[in-house]
Amino acid sequence: MSRADAPGTRRVPRPAPRSATRPARRPAGPAAGAVDLSVVIPAYNEERRLGPTLDAVGRHLDATGSPWGSWEILVADDGSTDATRELVTVRRDPRVQLVAGSGNRGKGHALRLGVAASRGRRVLVMDADLATPVEELERLEKALAAGHAAAIGSRAVPGATLGDRQHRTRELLGAAGNLLIRRTTLRGIRDTQCGFKLFDGDKARAAFAASRLNGYAIDVEVLRHFQRAGWPVAEVPVHWSHRPGSKIRPADYPRVLRDLVRLRVPAPRPADVLAAVLFLAMAAVLYSGRVLDPAHRYLTDSLQDQNQWEWFFAVTADNVAHLRNPLFTDLQGFPGGVNLMANTTMPGLSAPLTPVTLLLGPAVSLSLVMTLGLAATALAWYRLIVRRLVRQRAAAFAGAALAAFAPPMVSHANAHPNFVVLFMIPMIIERALRLTTGERVARDGVVLGLMAAYQLFLGEEPLLLTALGLLVFALVHGAARPAEARAAARPLLNGLAIAAAVCLPLVVYPLAWQFSGPQSYSGIDHGSATGVGNSVRALLSFAERSLVAGDAGRADALSLNPTEQNAFYGWPLVLLAFAVTVALWRRPVVRALACTAAAAAVLSLGPRITLPLTDVTVPGPWAALAGLPLFESVIESRVALVCAPALGMLLALAVDRLARARRLSTLYAGLLAVCLALLPLIPAPLKSAPRAPTPAFFADGAWKSYVRDGETLVPVPLAEPEAAEALHWQTAAGLGFRMPGGYFNGPYGDGDRTGVYGVPLRFTASLLRDVRYTGVVPVIDARARAAAREDFAYWRAGALVLAPQPHEAGLRETVDKLVGRPGRRVAGVWVWDLHQGTQNGS
């Protein structure tokens, strides 16, 4: 017979963890043979201190006039290796019993076993060292008799007295720990760790059964359970003296911190983990053509944007590594340079990923950002929907999948990570909704301000569109619930003011640089005098990347390009959303979501709307916004992106309602309609192709012989938005040289701050561009050669480089005539050295 099975030992199974779907069952009352008081003492190797403690507690409870007619002491042993167990089992008093666990698993585990085995109307949890005299029990019982569910001994409230003190270091660590606990986990309680607490028995058993921590933070977890359940807790001053022999070791302090994090971040449910895995798998499949070999694969529908974005990541890492201004560079667009803040460089991710970029290259960094960012965005929408709309995990998954993988999001997944990596947007929405409750307005306002500042460094346009969508949602929801709106308005406005006060100091300098710094611009020309809005047909058609209904020709005719297919939700989804809105119209949230989606769709049609089936155009509501600051640079068709999360939430509400349908026929018919509406939206993997190899001239460093300090290397023709492969060559060369031209947003020129893509073309750049597309060699006369020399001087050109490409022969002949001598073949390219009298190359 083992010691655990000896007489006087009560062996109990570990309490079952709380179900993922049901709260722990609260005991109806004391078990059979209930007693007035159960004293639970956790013990680990306490043979020196436990005996006197048991004697003192027993004497006090048996004393004449004691209010405790019946009692029990349960020593919850935590796998002691000394004589602690024998010290209990040899006692003749049957009221003192041992509750034995298996192994040394921590104070929390021992207390969970001991409280589960208790039968008391009251449960006293105390330490084995008797640091707080048992006579203090009467103070705690008065608090419970006054209506509290728990009374905890405290060393930090007026009236508490201290005898022998701990070492100064431990006191400081304890004070810091209590402050951290109060600030992050348990408000209103000054001292959680004094080992002397009296509980209502039934509530104690429920709280400890629901706990999951095994360490010293079990006290915090149990008291947090009481607060969340609305059970009042009294903090009672007691006398406390330090006792030698403490079992707390230095390593226990970081373990407590770890457990506090676990309390703040609960363990995910299996369904939530599955959702995260599925979102990651969906993102990986979408990028399957590139994700395994990003450095040698190119997303063909990204046009030149992949080259541009990889350059953005590379130049940010280079600036950070060399401690240069991260908001500006002259590596392209020389001599004017590039205002990086006025371009979508995503410093919120490109800067932290500097080590990855420097070690593995910008192609890998960009691939990680787009794949993981898309999955994280879907998970963030899932979390918001679960917290605010539905509890049904499958419904939340369907809604989040639509929000993150809707056709316009897939289109931007080709080339625009700033419209794909939106994980901060749901978090911002959630924090804004918290403000409306009026609780912790200051804290939530500060957090919202920090979130908004960070999102600004991920993408400003998505933040602007989010604010626009939230404004419409708030107005419609407020009209449906005016009383709630009036109550929420004050804390919301106060919180927004706090958020602005936090956000603005963090972003004022970058924004000033963006709008007033070198190479800043105002507005931008998107290439259409009538706007670049959607059409009604685009909203109802299917996207090019639809797995079952895609039509590249139709989608291309209804959009700017494959990266800007900003609608294409399909008529089945529109019909489903209309049906859901009608069926659930009584719910204000449904009305607000439907009106938000409808408003975004109408705004995305642009300043002039062509009426369906006619040639008649009428002014659109976007006309009132198009000229406003910030909105003037927005591609209006992108406003339809707001529809994706709104439709996703409507879908989640519909699936949640169907899951609760009483008739199977309703369930099956509804799910069939949902599947038919979503089937055309399932995207095919993005198209990719092998990347053209970088010429050895750039990859192997041959360019270094032709570029001196302060000079540029001029690609022939210059890099431009339609052909930006030279950015990739520059990146492959380690950003070792500058070059004129390029693909970025900047001002049109001196005195004209209108934004354009690339740079205004000088004579030589324009001439070479014409040859690139026509192959026709122009007449080169003395005036042309003089203009070329002027351009070379303006660019501080050290050499011109012609890589293999269409119309290479015409370009070579043109440059020969402009320079006045033939180029030389060097490492796979043609080079014209502009240094007089030098002999470089091979």
Side-chain angles (χ1 to χ4, degrees), residues 305 308-309 339 341-346 406-409 411-422 424-425 428-429 452 455-473 507 510-511 514-515 520-536 538-539 558-569 596-609 619-646 721 744-748 753-758:
D305 286 3
Q308 182 194 51
W309 274 100
N339 187 324
M341 190 62 198
N343 285 264
T344 51
T345 56
M346 293 185 74
M409 311 308 297
S411 173
H412 284 280
N414 278 293
H416 300 151
N418 55 317
F419 279 103
V420 172
V421 184
L422 301 175
M424 287 303 303
I425 298 299
I428 288 173
I429 295 173
Q455 174 59 42
L456 190 125
F457 293 112
L458 295 179
E460 299 173 47
E461 194 170 343
L463 185 60
L464 177 64
L465 296 180
T466 298
L468 184 63
L470 285 177
L471 178 61
V472 176
F473 181 92
V507 302
L511 289 179
Q514 173 180 345
F515 293 106
S520 59
Y521 56 91
S522 58
I524 191 165
D525 180 11
H526 296 298
S528 175
T530 59
V532 284
N534 293 315
S535 66
V536 175
L539 290 167
L558 296 173
S559 61
L560 284 174
N561 57 59
T563 71
E564 293 289 350
Q565 294 176 2
N566 292 312
F568 300 95
Y569 290 98
T596 301
V602 173
L603 286 170
S604 78
L605 299 179
R608 301 290 299 178
I609 301 175
W622 182 258
L625 301 176
L628 297 178
L630 303 180
F631 289 96
E632 60 187 358
S633 297
V634 173
I635 296 177
E636 53 263 35
S637 64
R638 290 178 176 176
V639 182
L641 297 175
V642 174
C643 299
F744 59 92
N745 295 344
Y748 184 78
R753 297 184 64 246
T754 302
V756 294
Y757 294 95

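Counting from 1, the numbers follow the sequence of the chain as shown.
Separating the OG1 atom in Thr596 from the CG atom in Leu470 is a distance of 8.0 Å, to the nearest 0.5 Å. With rounding to the nearest 0.5 Å, the separation of CG in Leu463 from CG in Leu458 is 10.0 Å. The distance from atom CD of Glu636 to atom CH2 of Trp622, rounded to the nearest 0.5 Å, is 6.5 Å. One finds the CE atom of Met341 at 4.5 Å from the CD atom of Glu460 (value rounded to the nearest 0.5 Å). Here Glu461 contributes atom CD and Leu456 contributes atom CG; the two are 12.5 Å apart, rounded to the nearest 0.5 Å. Rounding to the nearest 0.5 Å places CD1 of Ile524 at 3.5 Å from CG of Asn745.
The closest donor-acceptor contact from the side chain of Tyr569 to the backbone of Ala640 lies under 3.5 Å. Here the side chain of Ser604 pairs a donor or acceptor atom with the backbone of Ala601 at under 3.5 angstrom. In terms of modelled atom types and a separation under 3.5 Å, the side chain of Asn534 and the main chain of Ser637 share a donor-acceptor contact.
Summarising the geometry of Ala406 relative to Ala644, their closest heavy-atom pair is CB-CB, 3.8 Å, with the distance given to 0.1 Å. Here the closest non-hydrogen pair linking Ala599 and Val472 is CB-CG1, 4.0 Å. Residues Gly627 and Glu632 approach most closely at O-OE1, 4.3 Å, considering heavy atoms. Annotation for Gly620 and Ile609: closest pair CA-CD1, 3.6 Å, computed over non-hydrogen atoms.
Considering only heavy atoms from C-beta on, Val642 stays 4.5 Å or farther from Phe473 through its side chain. In this structure, Phe457 and Pro510 have side chains that are in contact, with non-hydrogen atoms separated by less than 4.5 Å. For the pair Leu605/Val536, a side-chain contact is recorded, criterion being any heavy-atom separation below 4.5 Å from C-beta on. Looking at heavy atoms from C-beta onward, Thr754 lies out of side-chain contact with Ser522 at the 4.5 angstrom threshold.
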Give the C-alpha distance, both sets of side-chain angles, the deciding distance and a yes or no for side-chain contact (heavy atoms from CB on, under 4.5 Å) between Trp309 and Asn418. CA-CA 10 Å; Trp309 274 100; Asn418 55 317; 3.5 Å; yes
For a side chain to side chain donor-acceptor pair (under 3.5 Å) check, start with the C-alpha distance between His412 and Asn566, then their side-chain angles and the critical distance, and finish with the verdict. CA-CA 8 Å; His412 284 280; Asn566 292 312; 2.5 Å; yes
So Phe419 and Leu465, side-chain contact (heavy atoms from CB on, under 4.5 Å) or not? Walk me through it. CA-CA 11 Å; Phe419 279 103; Leu465 296 180; 4.2 Å; yes
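Under 3.5 Å, the side chains of Asn343 and Thr345 contain no donor-acceptor pair of N or O atoms. In this model, no donor atom of one side chain and acceptor atom of the other lie less than 3.5 Å apart for Asn339 and Ser520.
Each of Ser559, Pro408, Ser411 was evaluated against Phe568; a single residue qualifies, Ser559, per the side-chain contact (heavy atoms from CB on, under 4.5 Å) test.
For OH of Tyr748, the number of neighbouring non-hydrogen atoms (other residues, nucleotides, ligands) closer than 6.0 Å is 12 at most.
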